[in-house]
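Structure record follows, encoded as structure tokens.
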There are 2 protein chains.
Amino acid sequence: MRRTAERLMDLAERRMREAGYHGFSFRDLAAEIGIKSASVHHHFPTKAEMVIAIMHRHNERFAELVTPKVGETPADVVQAYRNAFRRSLTEKGGMCLNGLFGAESGGLPPELLTQVEQFFVSAAADLAKRIGGPDAETRAFAILALLEGALILARAHGDVAAFDKATADLAAAEDDERTRKVAA
Amino acid sequence: MRRTAERLMDLAERRMREAGYHGFSFRDLAAEIGIKSASVHHHFPTKAEMVIAIMHRHNERFAELVTPKVGETPADVVQAYRNAFRRSLTEKGGMCLNGLFGAESGGLPPELLTQVEQFFVSAAADLAKRIGGPDAETRAFAILALLEGALILARAHGDVAAFDKATADLAAAEDDERTRKVAA
DNA sequence: GTCTATAATTTGATAGAC
DNA sequence: GTCTATCAAATTATAGAC
């Protein structure tokens, strides 16, 4: 069944969100779902390939989560991104994989790093386009940085409240930008 | 000589900033400075103890870097923090150790996580006290999150410019807060 | 798809000589 | 402080039977 492959990916993803690329081994996964590590290799030849598949799936899901809504305001867009990141914490048990791999990028497979960079490039471009206004690209970078950092604070404090605190002014700030534009 | 211990710490710190807690082994370090791994254990009994010593040293240095200046404005304080974080990238070769360990906290020694949490608690308190104004604590969280996330973006893009872009509006925003207060 | 068996390497760590 | 020698465990991965 392809179901086993998905369970393996789910499990590996969760472990990595908690502890990074080295946060799981094939033996770990195998033990938890009741098979042997050799069987994991049947579904994913190497660990690198497995992680790349996980990242691919994750980035597709992320794109769906922040898909544009008709009539959205810039504040709506920022809220959609904020909610998507927050879900990492509350439903996936930890960090954004792209942020995590960006942080520990030094020892990771190059193909993985390509995916990570690509994620940030397209997320920044998408955000910038949808919030618009002056310096949209700079503000998009700031928003992505704030969200990644807010996840770190929440992990360090062991409390989602830290994420909420760090991002409390996010939507309000974007409303300010709007007001400023309208006023000008 | 205590000199060897320091060289080991320097090397290990750099590797961890690039690739996280699992970014070096005692053998790596030993090979690079021309001794054997058993000799590294003479200076640091275990890896966990070594990393804790590195964190201790790092957090002391950080406190010095952002030490209060007489007559500082809130914008000055934020700039001092921004510069301290930026130095991680330009002089230390990578992430802030606290941010990195917060991100991959799942598989780390508990004593290390205690230090990480403590760092963020005291940094937020210090920042909040020195920038003052309404919601100082919330803004302090946002500033720390932005700085950590900006490091991630720079690592992911492989370019310090991403850090600068993400933090471009930081000091300006703090000036806004001041203006707002004065105007009120 | 899963198993047994096993290889090759790496890792954190220790004992004891010099 | 450094070395040789060594350990036990873990990790990624492969070959081939069922």
Side-chain angles (χ1 to χ4, degrees), chain A residues 1-56 97 100-101 104-113 115, chain B residues 1-56 97 100-101 104-113 115:
Chain A
M1 308 194 214
R2 182 206 274 133
R3 183 64 213 268
T4 300
E6 267 177 38
R7 284 183 66 194
L8 289 169
M9 288 170 79
D10 290 344
L11 205 50
E13 181 176 340
R14 185 163 280 269
R15 296 278 173 84
M16 284 194 293
R17 284 183 189 272
E18 289 166 358
Y21 187 85
H22 304 282
F24 77 94
S25 73
F26 273 24
R27 266 178 174 74
D28 286 339
L29 303 185
E32 185 133 340
I33 74 170
I35 59 176
K36 298 295 175 183
S37 74
S39 304
V40 179
H41 282 279
H42 167 76
H43 298 280
F44 304 97
T46 68
K47 180 172 181 174
E49 287 175 83
M50 183 192 214
V51 175
I52 284 167
I54 290 170
M55 285 291 281
H56 189 72
L97 289 181
L100 192 35
F101 294 155
E104 61 180 7
S105 58
L108 302 181
E111 319 93 284
L112 202 52
L113 300 183
Q115 267 186 311
Chain B
M1 306 194 216
R2 181 208 275 135
R3 183 65 214 268
T4 301
E6 267 176 38
R7 285 182 67 194
L8 289 169
M9 288 170 79
D10 290 344
L11 205 51
E13 181 176 340
R14 184 164 282 271
R15 295 278 172 84
M16 283 194 293
R17 285 182 188 273
E18 289 166 359
Y21 187 85
H22 304 282
F24 78 93
S25 73
F26 274 23
R27 270 178 172 74
D28 286 339
L29 303 184
E32 184 133 338
I33 73 169
I35 60 176
K36 297 295 175 182
S37 75
S39 304
V40 179
H41 281 279
H42 167 75
H43 297 281
F44 304 97
T46 68
K47 180 173 182 176
E49 289 175 81
M50 183 192 212
V51 175
I52 284 167
I54 290 170
M55 285 291 282
H56 189 71
L97 289 180
L100 192 35
F101 293 155
E104 61 180 7
S105 58
L108 301 182
E111 321 94 282
L112 201 53
L113 300 183
Q115 268 186 313

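Note that these values count all heavy atoms, side chains included, but never hydrogens, waters or copies made by symmetry. Nothing here was measured: the structure is a model prediction, and the numbers come from that model.
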For residues 18-27 of chain B, please give each side-chain donor-acceptor pair under 3.5 Å, one per line with the distance, not counting sequence neighbours.
{"residue": "B:Ser25", "atom": "OG", "partner": "B:Arg27", "partner atom": "N", "Å": "3.4"}
{"residue": "B:Ser25", "atom": "OG", "partner": "B:Asp28", "partner atom": "N", "Å": "3.1"}
{"residue": "B:Ser25", "atom": "OG", "partner": "B:Asp28", "partner atom": "OD2", "Å": "3.4"}

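For the pair A:Met50 CE and D:dT11 C1', the interatomic distance rounds to 14 Å; values are reported in whole Å. Atom NZ of A:Lys36 and atom C1' of D:dA15 are 18 Å apart (whole Å). Remark: P of D:dT12 and NE2 of A:His43 are 17 Å apart, rounded to the nearest angstrom. A:Leu29 places its CG atom 15 Å from the C1' atom of D:dA13, with the value rounded to the nearest Å. In this structure, A:Arg7 atom CZ and C:dG1 atom P are separated by 14 Å, rounded to whole Å.
For the contact set between residues 10-20 of chain A and DNA chain C, defined by any heavy atom under 4.0 Å, there are no members.
Each salt bridge (Lys or Arg N to Asp or Glu O under 4.0 Å) pair with one or both residues in residues 29-55 of chain B, not counting sequence neighbours, appears once here: B:Arg15-B:Glu32.
Atom CG of B:Leu100 and atom CD of A:Glu104 lie 7.0 Å apart (nearest 0.5 Å). Separation of atoms CD1 (A:Ile52) and OG1 (A:Thr46) is listed at 7.0 Å; rounding is to 0.5 Å. For the atom pair CE (B:Met55) and CG (B:Leu113), the distance works out to 9.0 Å, reported to the nearest 0.5 Å. Taking CG of B:Leu8 as the reference point, atom NE2 of B:His43 lies at 6.0 Å (rounded to 0.5 Å).
Residues satisfying the side chain to side chain contact (heavy atoms under 4.5 Å, CB included) criterion with B:Ile54, sequence neighbours excluded, are B:Met9, B:Ala12, B:Glu13, B:Met16, B:Met50, B:Leu97. Residues satisfying the side chain to side chain contact (heavy atoms under 4.5 Å, CB included) test with A:His42, not counting sequence neighbours, are none.
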Exercise. How does protein reach along nucleotides 7-18 of chain C, written 5' to 3' as B (base within reach of a heavy atom under 4.0 Å), S (only sugar-phosphate), or - (no contact)?
Worked result: ----BBBBB---

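Contact check, A:His42 against C:dG1: a side-chain N or O comes under 4.0 Å of OP1 or OP2.
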